[in-house]
Asks: 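Have a look at the structure that comes next, please.
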Amino acid sequence: VPVFPWHSLVPFLAPTQSD
Amino acid sequence: SAAVPPSLPPYFIKGSIIQLADGELKRVEDLKTEDFIQSAEISSELKIDSSTVERIEGSHTSPNVAVVQFSVGEHRAQVSVEVMVEYPFFVFGQGWSSCCPDRTTQLLELPCTKLSVGDVCISLTLKNLR
């Protein structure tokens, strides 16, 4: 049975940081 | 059971086994907001951000695709993602939600509510690495 890491379920939304 | 479209990742199918950061195993349909928050706290690289749904639109390319615009993090950065309408997002304190919950339930058997403007979804960003 495959096991998936928790973070694969969460979209990776990376805003552009200006600082 | 229904065949899952190739564009939908297999881990959203009801019964999929998910490993949290502390090693605990849970079924995808049993995940709670705290599971994500605690896993991110353990993680050295990832942090949870709040992403508020600002707009949901149909796509020009396909009737089964939606464009969801989020306001991400404390800086309220605008991020748009193009997803299949059945693609589930995890809403804080509520659970799995998609643009078309009927399709999500039909294709993945994953219990799901309707994603709406104003919903606050869990998303990930990189921690500041020093």
Side-chain angles (χ1 to χ4, degrees), chain A, chain B residues 9-13 15-29 31-33 35-40 42-43 45-53 68-83 87-90 96 110 121-128:
Chain A
V1 178
V3 175
F4 301 98
W6 69 276
H7 51 78
S8 55
L9 301 166
V10 188
F12 192 85
L13 301 181
T16 312
Q17 296 284 353
S18 56
D19 49 17
Chain B
Y11 36 74
F12 288 125
I13 302 169
S16 293
I17 305 298
I18 309 302
Q19 185 166 41
L20 305 181
D22 65 359
E24 186 185 352
L25 300 177
K26 279 200 167 187
R27 293 188 178 88
V28 62
E29 67 271 21
L31 290 172
K32 301 277 186 284
T33 302
D35 294 325
F36 292 102
I37 291 174
Q38 286 165 10
S39 287
I42 293 173
S43 168
E45 295 182 343
L46 300 171
K47 90 180 158 81
I48 296 274
D49 251 346
S50 301
S51 291
T52 305
V53 177
V68 184
Q69 185 179 333
F70 292 100
S71 168
V72 180
E74 55 181 326
H75 295 103
R76 306 188 62 78
Q78 300 297 300
V79 176
S80 285
V81 294
E82 208 175 58
V83 292
Y87 190 95
F89 295 92
F90 201 94
W96 295 111
L110 182 69
C121 298
I122 291 178
S123 66
L124 290 172
T125 54
L126 283 178
K127 279 181 177 165
N128 285 327

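Predicted model, so just to flag it, every value in this text is computed and none were measured. Per chain, numbering begins at 1; letters A, B, ... match sequence-line order.
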Asks: Where does B:Phe36 contact chain A at under 4.5 Å (heavy atoms): side chain, backbone, both or neither?
Replies: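 Both parts, backbone and side chain.
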Asks: To the nearest 0.5 Å, tell me how far B:Ile13 CD1 sits from A:Phe4 CZ.
Replies: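 B:Ile13 atom CD1 to A:Phe4 atom CZ measures 7.5 Å (nearest 0.5 Å).
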Asks: Can you find a pair of side-chain heavy atoms, one from B:Phe70 and one from A:Leu13, that are under 4.5 Å apart?
Replies: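 Yes, close enough: below the 4.5 Å cut-off.
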Asks: So for B:Ser39, is it side chain, backbone, both, or neither that comes closer than 4.5 Å to the heavy atoms of chain A?
Replies: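 B:Ser39 touches chain A through backbone and side-chain heavy atoms alike.
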Asks: Need one label for B:Val81: side chain, backbone, both or neither, based on atoms under 4.5 Å from any heavy atom in chain A.
Replies: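 The side chain, not the backbone.
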Asks: How long is the straight-line distance from NE2 of A:His7 back to CD1 of B:Ile18, given to the nearest 0.5 Å?
Replies: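 If I round to the nearest 0.5 Å, the distance is 10.5 Å.
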Asks: With a 4.5 angstrom heavy-atom cut-off, could you sort out which part of B:Tyr11 is near chain A: side chain, backbone, both or neither?
Replies: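 Contact with chain A is through both the backbone and side chain of B:Tyr11.
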Asks: Distance check, rounded to the nearest 0.5 Å: A:Phe12 atom CZ versus B:Thr125 atom OG1?
Replies: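 The distance works out to 6.5 Å.
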Asks: Measure the shortest side-chain to side-chain distance between B:Val28 and A:Leu9 over non-hydrogen atoms and say whether it is less than 4.5 angstrom.
Replies: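 Result yes, sub-4.5 Å side-chain heavy-atom pair found.
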Asks: Give me the atom names and distance for the closest heavy-atom approach of A:Trp6 to B:Ala21.
Replies: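 That would be CD1-N, 3.6 Å.
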Asks: Among B:Leu25, B:Leu46, B:Val83, which residue forms the greatest number of heavy-atom pairs with chain A at distances under 4.5 Å?
Replies: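 Highest number of heavy-atom pairs under 4.5 Å: B:Leu46.
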Asks: Give, as side chain, backbone, both or neither, the part of A:Val3 having an atom under 4.5 angstrom from any heavy atom of chain B.
Replies: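 Both parts, backbone and side chain.
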